[in-house]
There are 4 protein chains.
Amino acid sequence: MGIYERKQREKEQRKIGIINAARKVFSNKGFNTATIEEIAMEAELSPGTLYLYFKGKEELHTSLSIEILKHLADEIQKVVGQDISAEEKIKRFCDVFIDMYEYDSNILINLFHLQSGETLKNLSDEFLQQIKTHSTMAHGAMVDVIKEGIDQGIFIEEHPVVLADILWSSYAGVVLWVDSKRVLNSQKDFVKSTLKTAFKIILKGLKKK
Amino acid sequence: MGIYERKQREKEQRKIGIINAARKVFSNKGFNTATIEEIAMEAELSPGTLYLYFKGKEELHTSLSIEILKHLADEIQKVVGQDISAEEKIKRFCDVFIDMYEYDSNILINLFHLQSGETLKNLSDEFLQQIKTHSTMAHGAMVDVIKEGIDQGIFIEEHPVVLADILWSSYAGVVLWVDSKRVLNSQKDFVKSTLKTAFKIILKGLKKK
Amino acid sequence: MGIYERKQREKEQRKIGIINAARKVFSNKGFNTATIEEIAMEAELSPGTLYLYFKGKEELHTSLSIEILKHLADEIQKVVGQDISAEEKIKRFCDVFIDMYEYDSNILINLFHLQSGETLKNLSDEFLQQIKTHSTMAHGAMVDVIKEGIDQGIFIEEHPVVLADILWSSYAGVVLWVDSKRVLNSQKDFVKSTLKTAFKIILKGLKKK
Amino acid sequence: MGIYERKQREKEQRKIGIINAARKVFSNKGFNTATIEEIAMEAELSPGTLYLYFKGKEELHTSLSIEILKHLADEIQKVVGQDISAEEKIKRFCDVFIDMYEYDSNILINLFHLQSGETLKNLSDEFLQQIKTHSTMAHGAMVDVIKEGIDQGIFIEEHPVVLADILWSSYAGVVLWVDSKRVLNSQKDFVKSTLKTAFKIILKGLKKK
DNA sequence: TATGAATGAGGTTTCATTCAT
DNA sequence: TATGAATGAAACCTCATTCAT
């Protein structure tokens with residue numbers, strides 16, 4: 001490996017380190033309450049250093065979200081490539097959400113928050129484009145599976161994009177909502193089981209007969 | 001009406017005026033970016049005056065969300081009281097979401113944002129309690145309808161609370177997600193039609209056979 | 001006087017107070033070294049308050065310079081209106097510079113610094129316009145006097161604008177240079193006497209014979 | 001040449017390279033806005049390396065100014081040695097200014113900025129001494145020529161130092177002022193022609209009759 | 001000698017909140 | 001009750017400087 005590649009790699013590592021620190025702090029405190037200083041401390045760096053890798057707080061937060069989105073898109077695409085039925089794939093999508101939620105519940109929450117209002121405005125075109133790309137990828141994979149199901153005469157004949165939207169947003173909605181109930185009522189974590197039930201209902205709703 | 005009552009009433013009116021101003025500003029800018037001064041200007045009051053009615057920015061935002069939640073709960077409960085089938089009620093719930101979205105798309109978005117992470121933490125017990133109350137009410141109404149359906153042997157025999165969660169969060173998720181797609185891709189507004197399709201699918205999934 | 005006028009007046013007074021504080025601090029420390037906090041302390045206000053009246057450090061500094069320029073333009077125009085010979089008016093211009101220098105030597109220095117390189121770039125159009133206006137006024141007055149002299153056959157027949165430039169810039173140059181010698185060599189203040197000699201030489205140079 | 005001398009020479013060359021880079025950057029951006037990193041890039045070196053040759057930004061800037069001053073002093077002294085009349089020498093001084101302005105207009109501007117307030121304060125004694133030395137040299141040369149003229153009965157009998165001050169500062173003032181007009185009004189460059197006219201006027205003013 | 005990533009002090013700026021009127 | 005000027009804490013961010021390599 002040349003010296004340039006090593007440097008590049010180190011730089012990438014450092015970026016990941018910072019993003020991981022940011023993940024922890026943003027998860028605990030939320031965007032407003034989190035401070036750059038805190039993230040720097042978590043990353044065991046000085047505040048100034050963060051600015052060598054990210055233009056500012058906003059960009060750091062967005063980068064984190066994109067990282068998550070990328071991961072989600074990857075996992076979903078893996079499912080599409082598998083040699084299983086469309087129905088089974090829909091179930092696996094559900095598992096992907098569950099896995100991510102179990103790995104770090106805040107990851108998903110963060111992501112879904114990115115995808116609406118407040119955050120989307122004031123985003124640089126570059127980042128907006130990245131989000132679109134990965135989002136389209138993840139969503140496109142879902143659309144493909146739906147299409148597959150429709151073509152095989154298994155799913156109802158609605159517009160596949162709409163069905164994928166419903167699938168995605170129901171899963172996302174369940175995560176947000178059930179997780180918030182958990183926080184609000186300090187109850188047990190029902191996200192997983194609720195997601196599974198949601199899957200069953202929606203799958204049944206999707207099927208032709 | 002006594003003088004005290006009138007005063008009380010006026011105060012309430014003023015509070016509503018402020019909350020409406022806050023709704024506009026928070027909708028456009030989000031919690032962070034919105035400033036008290038802007039809200040005051042929108043309400044045609046001075047910043048100081050807002051503090052006579054609300055303890056601070058946080059409380060104002062929460063009050064707004066509660067207001068919305070209250071409205072939603074009301075609308076949902078109206079549905080429960082109607083003399084129609086459980087199935088039809090589920091459909092009406094969908095209409096309630098659509099109506100609110102059409103009245104002010106940001107209203108719903110705002111509400112769903114309340115329901116997680118960032119905002120819920122650091123909330124005074126009093127407000128947490130109010131949120132719980134109204135939330136429980138709205139949600140409870142849904143649970144009742146689900147129960148009704150189960151008792152009548154129309155719906156599948158899952159835990160009614162879970163089913164209501166799924167119903168609620170799917171609707172909410174669709175609004176958030178499809179609305180964000182609208183913003184991201186500057187496309188037409190498919191929230192209404194997608195919500196309707198979602199309803200059909202979920203209803204089909206809910207039904208026993 | 002109406003309440004609005006009074007408010008406006010008070011606001012203007014406050015602005016002047018801040019500019020005066022800024023004058024002291026900028027004079028002592030220069031633009032870089034001076035801090036907003038220091039100026040605020042000098043003005044017996046909090047840092048934040050300064051931002052109610054000026055957009056930032058840059059604008060504050062520019063406002064100060066414009067204030068000075070305005071004053072200089074006023075004084076010079078007064079001279080033009082007087083019922084004395086063109087020759088005498090040129091001498092009075094010299095006195096105006098001397099007066100301003102004696103009132104606060106840093107005032108003039110500051111002004112001349114505004115008028116070149118570093119500061120002029122990055123200036124908002126609004127301020128650039130104001131500077132142009134006042135600058136043109138002051139300079140135009142000088143041009144008028146020169147023209148007067150030429151028309152009366154007293155002064156050499158060069159382009160009046162060029163002659164006014166030379167007059168102005170020689171005066172300014174002397175102030176900058178002799179003052180810097182004073183600082184560098186901790187010598188006595190020869191600005192006044194040197195300016196007077198400069199006046200004599202230039203006047204002689206300007207005259208036709 | 002021994003190895004030590006060569007090293008010394010190389011070091012000197014490197015210093016000059018850095019100073020030239022600094023000249024460009026300081027010229028374009030001014031002292032505040034210019035950054036060490038930019039200068040390093042311009043010099044095709046790393047920021048750290050600059051600190052091997054200069055103690056810091058301040059010293060670098062001062063070194064640049066001294067370099068310019070040294071050059072100016074050299075050119076002026078060359079004039080003094082020539083076998084021409086005092087009157088002609090004064091004219092040549094004007095040419096020196098014009099040449100430097102034409103070579104790099106920012107050079108002179110930069111120099112004149114050194115000579116007051118902000119920059120002079122906070123300067124180490126060592127540098128202050130160097131500035132004094134070269135300044136005295138340049139200025140002394142002018143004084144000599146003036147004296148020459150007075151002794152030959154050509155120039156008026158004012159204190160030679162004062163006359164040299166006026167000469168120097170008028171030239172400097174014209175450069176600063178006319179150049180700033182150029183920037184402000186985006187007009188043609190009249191520095192050269194205005195300087196020439198200034199020379200004529202002042203020379204006429206200096207002459208005994 | 002040269003590097004350039006990291007530092008961190010310290011500046012500018014914002015804005016929720018207060019309080020005299 | 002209403003005001004809105006003033007506050008000042010606290011955040012973001014910059015960049016001259018250092019130091020391990």
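All chains are named by letter (A, B, ...) in the order of the sequence lines, taking the proteins before the strands, and each is independently numbered beginning at 1.
For B/K57, whose side chain is taken as the heavy atoms from C-beta onward, the closest listed nucleotide among E/dT17, E/dA2, F/dT17 is E/dT17. Considering only the side chain of C/P47, E/dT13 comes nearest among F/dT14, E/dT13, E/dT7. The side chain of D/T35 lies closest to F/dA16 when the candidates are E/dT7, F/dA16, E/dT13. Nearest nucleotide to the side chain of C/I36, out of E/dT13, F/dC12, E/dG8: E/dT13. Checking E/dG4, F/dT17, F/dA2 against every side-chain atom of D/S46, the shortest atom distance belongs to E/dG4. Closest to the C/R14 side chain, of the nucleotides E/dT17, F/dA6, F/dT3, is F/dA6.
We find that CD of A/E44 is positioned 15 Å from C1' of E/dT7, with the value rounded to whole Å. Following rounding to the nearest Å, C/L45 (CG) and F/dT7 (P) show an atom-to-atom distance of 5 Å. Distance C/L60 CG to E/dT12 C1': 13 Å, rounded to the nearest Å. At whole-Å resolution of the value, CD in A/E38 and P in E/dG8 are 18 Å apart.
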B/T35 vs B/E38, side-chain hydrogen bond (donor to acceptor under 3.5 Å, both in side chains): CA-CA, chis, key distance, verdict
CA-CA 5 Å; B/T35 66; B/E38 259 173 312; 3.3 Å; yes
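Here E/dA20 sits opposite F/dT3 as a Watson-Crick or G-U wobble pair (both hydrogen-bonding atom distances under 3.5 Å). Pairing of F/dA10, defined by two Watson-Crick or G-U wobble distances under 3.5 Å, is identified with E/dT13.
Counting heavy atoms from C-beta on, the side chains of D/Y51 and D/I36 come closer than 4.5 Å. Residues B/I39 and B/F26 form a side-chain contact, since some pair of their non-hydrogen atoms from C-beta on lies under 4.5 Å apart.
Within the nucleic acid shown, B/F54 has no heavy atom closer than 4.0 Å to any nucleic acid atom.
In this model, a donor atom of one side chain and an acceptor atom of the other lie less than 3.5 Å apart for D/S46 and D/T49.
Each of B/L52 and C/T49 lies near DNA chain F, and the nucleotide nearest B/L52 is the one positioned closer to the 5' end.
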